[in-house]
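Throughout, a chain's letter reflects where its sequence line sits, starting with A, and its residues are numbered from 1.
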Number of protein chains: 2
Amino acid sequence: MYEQLTHYLNSQIKVSEEELKIIHSFFRPLKLKKNELLVTHGQTSQRTFFVGKGCLRIFFINEEGQDATRYFAFEDQFATALVSFITGEPSEEFIQAAEDSELLYITHKDFYHLLEVIPQWEKFYRHYLEKAYVNNTKRLMSFLTQDATEKYRQLLNENPIIVRRLPNKMVASYLNISQETLSRLKSKV
Amino acid sequence: MYEQLTHYLNSQIKVSEEELKIIHSFFRPLKLKKNELLVTHGQTSQRTFFVGKGCLRIFFINEEGQDATRYFAFEDQFATALVSFITGEPSEEFIQAAEDSELLYITHKDFYHLLEVIPQWEKFYRHYLEKAYVNNTKRLMSFLTQDATEKYRQLLNENPIIVRRLPNKMVASYLNISQETLSRLKSKV
DNA sequence: GCTACGCTTTGATGTAGATCAAAAAATAAA
DNA sequence: TTTATTTTTTGATCTACATCAAAGCGTAGC
C-alpha cells in the first residue's frame, strides 16, 4: 500500500527518496469493515486517509436523520473531514467505509509537521485544497442548477464508478434525491 | 485603498515593508458602476479582486437563464472566479458589481509570480483557499439539509449585511429561492 | 434448501416552493 | 412634480419530488 502512496505522491510533487521515507514514517495502516465509522459527529482531532483498497464515504446528517453524501474516495484517493481539519472545530461530517477497506492515515499534527519539514508538502496540500475546492464548487453548481434527471445523467457521465460500485441508497444520498426517485430514473434514463 | 489592502494582508501574513511594496506594485485600481460585469461567461484569463468599497457578486447561470449566487464580497474581502483561476479553464462563473464599487486587482500571472518571489504568499494563498473551501462546503451543507425558512434564518444570523444592503432579487438568488418566496418569508419570520 | 433481512421497484398521495399574474410600493428619470 | 421603471407584495395555480405503503428480489446465514 505504501507503494500506491509513493506512486500517488510522485504524480503530484517532486520529493527525494529521503523525504519520501520521512513522509511514509507518519502514515499508519488501518483495515475497516463495510459500514464502520471513522469520524463521528463532533469529533475534533482529525486524520487524513489514503484509500489503498475499498471506498470511503464522507457525509453529513440533518436533524431529521437524513444523510447527504459530500464525497466518495476510491482507490488512490485522499479523504478527510476537511472543514474540521482546517478549522479545528468539531466535525459535522462523518467518514464511513462504504466497502471493506484498507487505508493509510496520518494525524492532523503530523500533517502540519510535514508542512514545516518538507517544503514540497505545502505544494501538495495546496493542490489538495485546490482539487477539493473545485470539486465542491462543481457540486454546488450542480445542486443549484440541475434537476434530478440532469444530476443523474451527469453522474453517469463523469463518475460512473459510483453508480456501478455502490448501492442505490448511497448514490441517492450523493445526488440528494430519494431512493425511490433514483430507482424510477434508472428505469427511464 | 492600498492602506486597506496592507491592513488586510498584515492580518493574514507577516511581510516586510520591502515585500509589501512588491505586492502593491502588482495591484491596480478599478472603479465600477452598479451592475457592471467583470468576468463574462467563458472568459479564461482571470484576475483576483480586492474590494475597497462596494460589493462584488459571483454567480452562475443555468440554461433557463436563472442565476444562482455563490458569493458576495464586501469591503476588505477578496473575490475571484476561483474555479477558473485554479483550472485555467473558461469560467462558468460571472463577477458583477452589486453596488458602485472601488477595487484593486491583480492578474493571474502576477499572482503566481508572487507565489515564487514572496515565500509568505504561498501561505496567504493557502489561507485564502482554506477559507473559500470552508465557506463553500458550509453552503453546500446548507443547501443539502435546510429548507427555505431555515436558510433565511441562518442568513439573518450569520450574514445580516447581505439582507440589509442588497435587493431581494440578489438575496433570493443567494439562497436559491424565488423572490416571491423570500418576500413571504420576510413577512412571516 | 429454507428463512430472514436488506435492497429495489412500483403505485398512490402529499407538499414545499416554483411559476404565473397583477396590484402596490419604492426609486429613478424627466 | 409627474412619469417611467424597477422592486416588492399578495393571491391562485402547478409541478417535481418526497413520503408512505406494500410487494418483489437477492443474498447471507443457518
From C-beta outward on [X], which listed nucleotide comes closest to its side chain: [options]?
{"X": "A:S183", "options": "C:dG17, C:dT8, D:dT19", "value": "C:dT8"}
{"X": "A:P167", "options": "C:dG11, C:dT8, C:dA18", "value": "C:dT8"}
{"X": "B:A148", "options": "C:dG11, D:dG11, C:dG17", "value": "C:dG17"}
{"X": "B:S178", "options": "D:dA18, C:dT10, C:dA18", "value": "C:dA18"}
{"X": "A:E180", "options": "D:dT7, C:dA18, D:dC20", "value": "D:dC20"}

Give the rounded distance in Å between these two atoms: [atom1] of [X] and [atom2] of [N].
{"X": "B:K34", "N": "C:dT27", "atom1": "NZ", "atom2": "C1'", "result": "9 Å"}
{"X": "B:F143", "N": "C:dG17", "atom1": "CZ", "atom2": "P", "result": "13 Å"}
{"X": "B:Q179", "N": "C:dA21", "atom1": "CD", "atom2": "P", "result": "16 Å"}
{"X": "A:I177", "N": "D:dA18", "atom1": "CD1", "atom2": "C1'", "result": "11 Å"}

Using 4.0 Å as the upper bound for N to carboxylate O, is an ion pair formed by A:R57 and A:D67?
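Result for this pair is yes, salt bridge flagged.
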Pairing of A:K31 and A:E99 as salt bridge, 4.0 angstrom limit
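Between A:E99 and A:K31 there is no salt bridge, as every charged N stays at least 4.0 Å from the carboxylate O atoms.
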Under 3.5 Å side-chain donor-acceptor pair for B:E130 and B:Y125:
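No, no side-chain donor-acceptor pair sits under 3.5 Å.
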Check for me whether A:R47 meets the cation-pi criterion with A:Y105, that is, NZ or CZ under 6.0 Å from the six-membered ring centre and within 45 degrees of the ring axis.
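Cation-pi check for A:R47 and A:Y105: passes.
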